[in-house]
Amino acid sequence: MAVTETNGHAYAEDAEIIHCAGVHKWYGEFHVLRDINLSVRRGERIVICGPSGSGKSTLIRCLNRLEEHQKGRIVIDGIELTGNLKNIELVRREVGMVFQHFNLFPHLTVLENCTLAPIWVRRRPKKEAESEAMQYLERVQIADQAHKYPGQLSGGQQQRVAIARSLCMKPKIMLFDEPTSALDPEMVKEVLDVMVGLASSGMTMLCVTHEMGFAKSVADRVIFMDRGEIVEQNTPDLFFTNPKSDRTRLFLSQILSH
Ligand SMILES: Nc1ncnc2c1ncn2[C@@H]1O[C@H](COP(=O)(O)OP(=O)(O)OP(=O)(O)O)[C@@H](O)[C@H]1O
Ligand SMILES: [Mg+2]
């Protein structure tokens, strides 16, 4: 089997885990995704960037059917996303998602947030779910806060809990939608550090972010979207040093000047 090495990370070339072909989506009259073609290999780490309103969130939300596409095919680990509820459920078991605003349950402790889905969806015994959750909380360095409520934690801590909570479901793919953009600057690094650790563990990751340092050091590929299209994609090296389209150049000049 052919094996490629990118950013020091080896994976089988033919191991496609996400396949989008000719995907379109409309919100009413508004054409939000236009002919999206995307193939992601197992273990690949992808950063998606682009101007506000370009369809980044919509695209990744289509990958676990939080949004529905109207045309084209989306296949996740061999399972096609259609109206078939069984397929949707199967895909959602494999795909974890972390949002900008954490979305933790405020009335549950950190530990309860992490064990809720494993117990009720995966039917795991409570004790086992708790000990596993504690391992993930260790991994994001927040085990000492396990019995607090989300409101008692900082934004960076809450986001690390949200990541641990997703990992407790043992997803094959993790989607991140601007996970650090709601955080105070001093908390961004602690969350990015957790994501870098996750990347080095071989997780397939798609991350919408404008953290270009993260993109440079972690991503195998950077995808630039504008007006519902994938305009350009490349390795971070080439993406940043040699952007091909004017739209990409303009976008980079705007974000890199901040
Ligand atoms: N539920 C909806 N109904 C109608 N239009 C929507 C809906 N959600 C998003 N849109 C529109 O679709 C476009 C793409 O939105 P999306 O949230 O995917 O953009 P984005 O690239 O994630 O932007 P941002 O960087 O601001 O998060 C925007 O013009 C938005 O106004
Ligand atoms: Mg968005």
Side-chain angles (χ1 to χ4, degrees), residues 18 20-38 40 45-74 76 81 83 88 91-92 95-104 155-156 158-159 162-163 166 173-185 187-188 191-192 195 204-216 218-219 221-234 236 239-240 243-258:
I18 297 175
C20 299
V23 172
H24 291 260
K25 175 172 178 59
W26 289 262
Y27 287 121
E29 297 281 289
F30 181 65
H31 198 172
V32 60
L33 293 180
R34 298 162 184 261
D35 194 25
I36 300 291
N37 295 288
L38 174 66
V40 179
R45 295 153 304 196
I46 292 187
V47 160
I48 302 173
C49 61
S52 181
S54 56
K56 307 179 297 294
S57 297
T58 305
L59 173 60
I60 63 165
R61 291 167 68 88
C62 282
L63 300 179
N64 63 354
R65 198 71 171 192
L66 288 178
E67 298 285 354
E68 191 181 318
H69 61 290
Q70 280 95 37
K71 196 173 161 204
R73 296 186 72 201
I74 300 180
I76 309 290
L81 281 170
I88 295 173
V91 166
R92 288 200 181 141
V95 181
M97 181 144 182
V98 173
F99 303 88
Q100 184 176 11
H101 293 291
F102 329 137
N103 298 12
L104 297 171
Q158 289 186 57
Q159 193 60 300
I163 294 172
S166 269
I173 300 168
M174 284 286 286
L175 307 174
F176 294 87
D177 193 355
E178 303 209 41
T180 59
S181 60
L183 300 176
D184 291 335
M187 292 169 195
V188 170
V191 171
L192 289 178
M195 292 170 62
T204 306
M205 292 169 66
L206 275 79
C207 185
V208 176
T209 182
H210 291 162
E211 292 291 337
M212 293 300 139
F214 175 78
K216 280 179 192 162
V218 169
R221 187 163 25 138
V222 181
I223 290 179
F224 173 68
M225 290 186 70
D226 194 14
R227 297 180 219 153
E229 292 175 314
I230 293 180
V231 174
E232 182 162 348
Q233 45 181 318
N234 220 328
F239 181 83
F240 290 109
K244 289 182 220 135
S245 91
D246 289 343
R247 286 197 259 174
T248 314
R249 258 179 250 128
L250 176 66
F251 173 76
L252 285 176
S253 71
Q254 283 163 346
I255 59 161
L256 297 178
S257 65
H258 281 298

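Both ligands and their constituent atoms are indexed starting at 1 by order of listing. Counting begins at 1 with the first residue of the sequence.
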Search all heavy atoms of G156 against all heavy atoms of L183 and return the closest pair with its distance.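 Smallest interatomic distance, heavy atoms only, reads N-CD2, 3.6 Å.
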Side chains of M97 and R61, heavy atoms from C-beta outward: is any pair under 4.5 Å? yes
Beyond-backbone contact of D226 with F251, side-chain heavy atoms, under 4.5 angstrom: no
Between atom CD of Q70 and atom NE2 of H31, what is the distance when rounded to the nearest 0.5 Å?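 Here the interatomic distance stands at 9.0 Å.
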Quick one: CD1 on I36 to CD1 on I223, what's the gap to the nearest 0.5 Å?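 Going from the CD1 atom of I36 to the CD1 atom of I223 covers 8.5 Å.
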Partners meeting salt bridge (charged side-chain N to carboxylate O under 4.0 Å, His left out) with E229 (sequence neighbours left out):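 Only R247 meet the salt bridge (charged side-chain N to carboxylate O under 4.0 Å, His left out) criterion with E229.
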Using a 4.0 angstrom limit on heavy atoms, which residues are close to ligand 1?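 The answer is Y27, F30, V32, P51, S52, G53, S54, G55, K56, S57, T58, E178, counting any residue whose heavy atom sits under 4.0 Å from ligand 1.
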Just checking: S57, one of its N/O/S atoms, less than 2.8 Å away from the Mg ion (ligand 2), yes or no? yes
